[in-house]
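Every value quoted in this text rests on a predicted model; they were computed, and no experiment measured them.
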Amino acid sequence: MKLTAPLGLLLSLGGWVLLILVFVNLLSGHLDDRTCGTQCVRNYFFGATGLGAAGVLLALASLFGPGNRWICAAAMITALPLAGIVAGIYLIGNFGHLLH
């Protein structure tokens with residue numbers, strides 16, 4: 001059994017956990033009242049980015065070899081939306097100021 005698809009699934013699930021932590025911390029109130037500051041949220045965000053990218057790459061790598069297709073499909077289903085959300089947040093954050 002190849003380990004790329006299950007590892008990609010685990011990495012993308014870890015990325016989802018970090019992304020949920022980003023949203024929880026961003027929506028938890030005023031910046032002065034938060035237990036997790038800007039650097040902490042940044043670490044969560046880029047951790048989610050790294051885990052999501054690794055999950056996508058491992059899921060894509062598992063497509064071209066023998067193994068369980070259900071686990072590969074699950075890895076793709078969890079990794080691709082994570083990568084899309086992270087990329088959307090990044091693009092909105094960096095290019096959103098052009099609209100003002």
Side-chain angles (χ1 to χ4, degrees):
M1 180 174 149
K2 288 182 70 170
L3 291 178
T4 54
L7 186 59
L9 179 62
L10 287 175
L11 287 175
S12 60
L13 288 175
W16 275 107
V17 168
L18 290 177
L19 191 64
I20 289 169
L21 285 173
V22 167
F23 290 134
V24 165
N25 283 303
L26 288 177
L27 298 174
S28 65
H30 194 268
L31 182 62
D32 296 335
D33 299 333
R34 292 185 201 159
T35 58
C36 181
T38 304
Q39 186 64 35
C40 178
V41 172
R42 184 180 298 147
N43 290 339
Y44 285 154
F45 177 75
F46 286 116
T49 303
L51 289 177
V56 168
L57 291 176
L58 288 174
L60 287 174
S62 68
L63 282 176
F64 300 109
N68 191 347
R69 296 291 175 203
W70 290 103
I71 296 175
C72 177
M76 285 293 217
I77 289 170
T78 57
L80 288 176
L82 173 66
I85 290 170
V86 168
I89 291 171
Y90 181 78
L91 290 174
I92 289 168
N94 283 323
F95 297 119
H97 68 281
L98 295 175
L99 298 175
H100 294 279

Supply the atom-to-atom distance Leu57 CG to Thr4 OG1, rounded to the nearest 0.5 angstrom. 11.5 Å
Identify the heavy atoms of Gly52 and Ala79 that sit nearest to each other, and give their distance. O-CB, 4.4 Å
Do you know which two heavy atoms are closest between Leu18 and Gly47, and how far apart they sit? CD1-C, 3.5 Å
State, yes or no, whether a side-chain contact exists between Val24 and Ile20 at a heavy-atom distance under 4.5 Å. yes
Minimum heavy-atom separation for Gly15 and Leu51, please, with both atom names. N-CD1, 3.6 Å
Scanning both residues in full, the closest heavy-atom pair of Cys72 with Ala59 reads SG-O, 3.7 Å
What are the two closest non-hydrogen atoms of Pro81 and Met76, and how far apart are they? CD-O, 3.9 Å
Side chain to side chain contact (heavy atoms under 4.5 Å, CB included) with Leu26: which residues, sequence neighbours excluded? Val22, Arg34, Val41
If you measure from CG on Asn43 to CG on Leu21, what distance do you get to the nearest 0.5 Å? 12.0 Å
Which residues pass the side chain to side chain donor-acceptor pair (under 3.5 Å) test with Thr78, sequence neighbours left out? Ser12
Just jot down the side chain to side chain contact (heavy atoms under 4.5 Å, CB included) partners of Leu19, sequence neighbours excluded, or say none. Trp16, Phe23, Ala48, Leu82, Ile85, Val86, Ile89
Could you give the distance from CD1 (Ile77) to CG (Leu9), rounded to the nearest 0.5 Å? 10.0 Å
